[in-house]
Visitor: 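Below is the structure I would like to discuss, written out as structure tokens.
We name chains A, B, ... by the order of the sequence lines, and we start the count at 1 in each one. The analysis underlying the following values was restricted to heavy atoms, covering all of them including side chains, and did not include hydrogens, waters or symmetry mates. Not measured: the values here are computed from a predicted model.
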Amino acid sequence: MANLPILQFEEQIVETVERNPVVVIIGETGSGKSTQLSQILHKRGYTKSGRAIAVTQPRRVAAVSVSRRVAQELGVRFGEEVGYAIRFEDRTSEKTCIKYLTDGVLLRESLSNPELNQYSVIILDEAHERSLNTDILLGLMKRLIKIRSTNLKVLITSATLDGEKVSRFFSNCPILNVPGKLFPVEIRYSSERPTSYLESSLKTAIAICANNFALSEIHVREPEGDILIFMTGQDDIEKLVKKLEERVQSLEEGSCMDAVILPLHGSLPPELQVRVFSPPPPNCRRFIVATNIAETSLTVDGVVYVIDSGYVKQRQYNPSTGMYSLDVVPISRVQADQRAGRAGRTRPGKCYRLYTSTVYHEDLMGATVPEIQRSSLAGTVLYLKSLDLPDIDILKFDFLDAPSTEALEDALKQLYLIDAIDENGSITSIGQTMAELPLEPSLSRTLIEANEYGCLSQALTVAAMLSAETSLLPGPSKSTDKKRKHEPSDLPDGSGWGDHIQLLQIYELWDQTNYDVEWCKDNNLQVRGMKFVRDVRKQLSQIMQKIAKGSLDVRTNGRRKESQEDYRNLRKSLCVGYANQLAERMMRHNGYRTLGFKPQLVQVHPSSVLKTDEEGMLPNYVVYHELISTTRPFMRNLSGGTVLSEEQTKGENPSLPEKEIGVATPDDRESRIQAARDRFLSRKTKG
DNA sequence: GAGCACTGC
């Protein structure tokens, strides 16, 4: 601890902070900035006023682990003077003077106290990662230091590359450099761009293991150096793992040390993820084939060699089509450096870049496109509107990197269509309520409507399930038990109503088992995901109760069976919340056309439980949760009316007549979109 | 008959 580089800069840091409201700290990995900055300022009296020091982190685990370490270093009881706050967990007390929190939690706090008066210092850590929430906070800090010029200090930690930019954003505030403690990493480039980075990774990895002479020397000298290979996704990882296993087995006759090959990606069950944290057996090299998760989120000890494919899979939102896409894109130079740095944590390492030096220097972008420029901004805009800051103009809000006008207008349009803002762009009372809920606006709107229709309990469940969603069902490739995969699932299928109802039915069943963990396992549902759903549902219930002053029925139904009436009402609520996300089946085809400005031709995602009727047709209209373009454009999580047989529906026909779409009938919706566009594109409103 | 990178309130 005493050796942390940052401690040599203590005087300089304190002096600079005293003289300036905002300071940028450039701290490389291992500088100790995350643990020390708060302690330094605490010792120098910044918490004497009774106000605390807040340190934001983009990730929950970081908030927890860093705060624990700080408490330990200060020798205080954890959760008292030093604590953390993350969603569902507040480990702070009235005595807390150093508080670690996720950036999202600080944003929530600022909702009820826009001046954040409880803090004397706000440290935005890892700002170079440019998380959506940190970017919003940067904009808010810029306003806040003007309002609280005498009693607020803001520190922003960043990376070398964009420290200047952050400084310029804050009127050329001073920049302090704190060196890190990384070992040198030798970079090796490919002589040409490989045609297949999978094959190229394989060759490079295997060469390190046995074939390549120069490298087998290292192999002898430093037998414990693990290899970390960056790939883009689960699919490629599994292919590469398989090939590596084959090659390693065929080579193994004592010519090289043992090898363990470990995949590492987000959809891997936690018990398999943690395998990378246990040290390898002696005389054994580990090959860790990972996604981006190993770039920042997880740190694998023992890595000495990195193989960098140069690509990453990235989700982006296109505001002109309302569609997300998941694309494999080249990484930025910042990311390339970050990946290389993973080889130098324990001793000098090597990074093999599967691209040329020219590509690195001339083709790669300097920094990754920040999340705020790749996301739908409906939630962000609603949040900012709800703060009710004086003279806030969304289209002119001062972002470090402003999103496009198109993206902002898209957000305004969407908010208008679901009654969150009025034709002047002012937030409505519905919008104000929506902003209280930690959900995307469409789901918040659905909850409010569901409350009117008397199906709030069901809507809470659906909203919570949609919040977790991807972490519920296990990954598609469970090679170990292929048989089970084809067994008919016992889980409900939505009874012909679609995916939302299926999610509701699944949760209701789990609820009836009294949240039995074994039941999840038996049904192939991720335990962690289901528990998350329960937490979210509880949180949403509490907020709804608070808003309605405690008179709502948010209980799950216990043993009562869901009625068709509930389903119908729930679907009506969804059509209000997702007024802009309806699609119409194309004549005599099972393809759909979205009912938007620029109609998109889309299909039902293969994961949907929505089925065709006896004539092979899907419902005429559907409401969908999102559009995602992968191999083709798909609608994911949708509900519609499937005409089932009399027997299946027991006399009830859950088809969706056009008029039942409510406010969102195609005609009405078109005119509202038209009106919204006219208003927002030729607007002179205050934003 | 395809498929979901990673976070977070």
Visitor: Tell me the salt bridge (Lys or Arg N to Asp or Glu O under 4.0 Å) pairs involving residues 309-318 of chain A, sequence neighbours left out?
Guide: A:Arg315-A:Glu626

Visitor: Please tell me whether A:Tyr84 and A:Gln57 have a donor and an acceptor in their side chains that are separated by less than 3.5 angstrom.
Guide: no

Visitor: Ignoring backbone atoms, establish whether A:Arg130 has a side-chain N or O less than 4.0 Å from OP1 or OP2 of B:dT7.
Guide: no

Visitor: Please check if any side-chain donor atom of A:Asp401 sits under 3.5 Å from a side-chain acceptor atom of A:Gln373, or the reverse.
Guide: no

Visitor: Of A:Ser607 and A:Gly233, whose nearest nucleotide on DNA chain B comes first from the 5' end?
Guide: A:Ser607

Visitor: With a 4.0 Å cut-off on heavy atoms, is A:Leu107 in touch with a base, just the backbone sugar-phosphate, or nothing at all?
Guide: nothing

Visitor: Under 3.5 Å, is there a donor-acceptor pair between the A:Asn133 and A:Ser131 side chains?
Guide: no

Visitor: Given B:dA2, B:dA5, B:dC9, which nucleotide is nearest the side-chain atoms of A:Thr291?
Guide: B:dA5

Visitor: In plain terms, say whether A:Lys242 and A:Asp235 are close enough for a salt bridge, that is, a side-chain N and a carboxylate O under 4.0 Å apart.
Guide: no

Visitor: Under 4.0 Å, counting only non-hydrogen atoms across every strand here, what does A:Ile86 touch: a base, just sugar-phosphate, or nothing?
Guide: sugar-phosphate

Visitor: Contact list please: residues 330-338 of chain A against DNA chain B, heavy atoms, distance less than 4.0 Å, in numerical order.
Guide: none

Visitor: State which of B:dC9, B:dA5, B:dA2 makes the closest approach to the side chain of A:Lys313.
Guide: B:dA5

Visitor: For A:Leu437 and A:Val312, find the nucleotide of DNA chain B closest to each by heavy atoms; which residue's nucleotide sits nearer the 5' end?
Guide: A:Val312

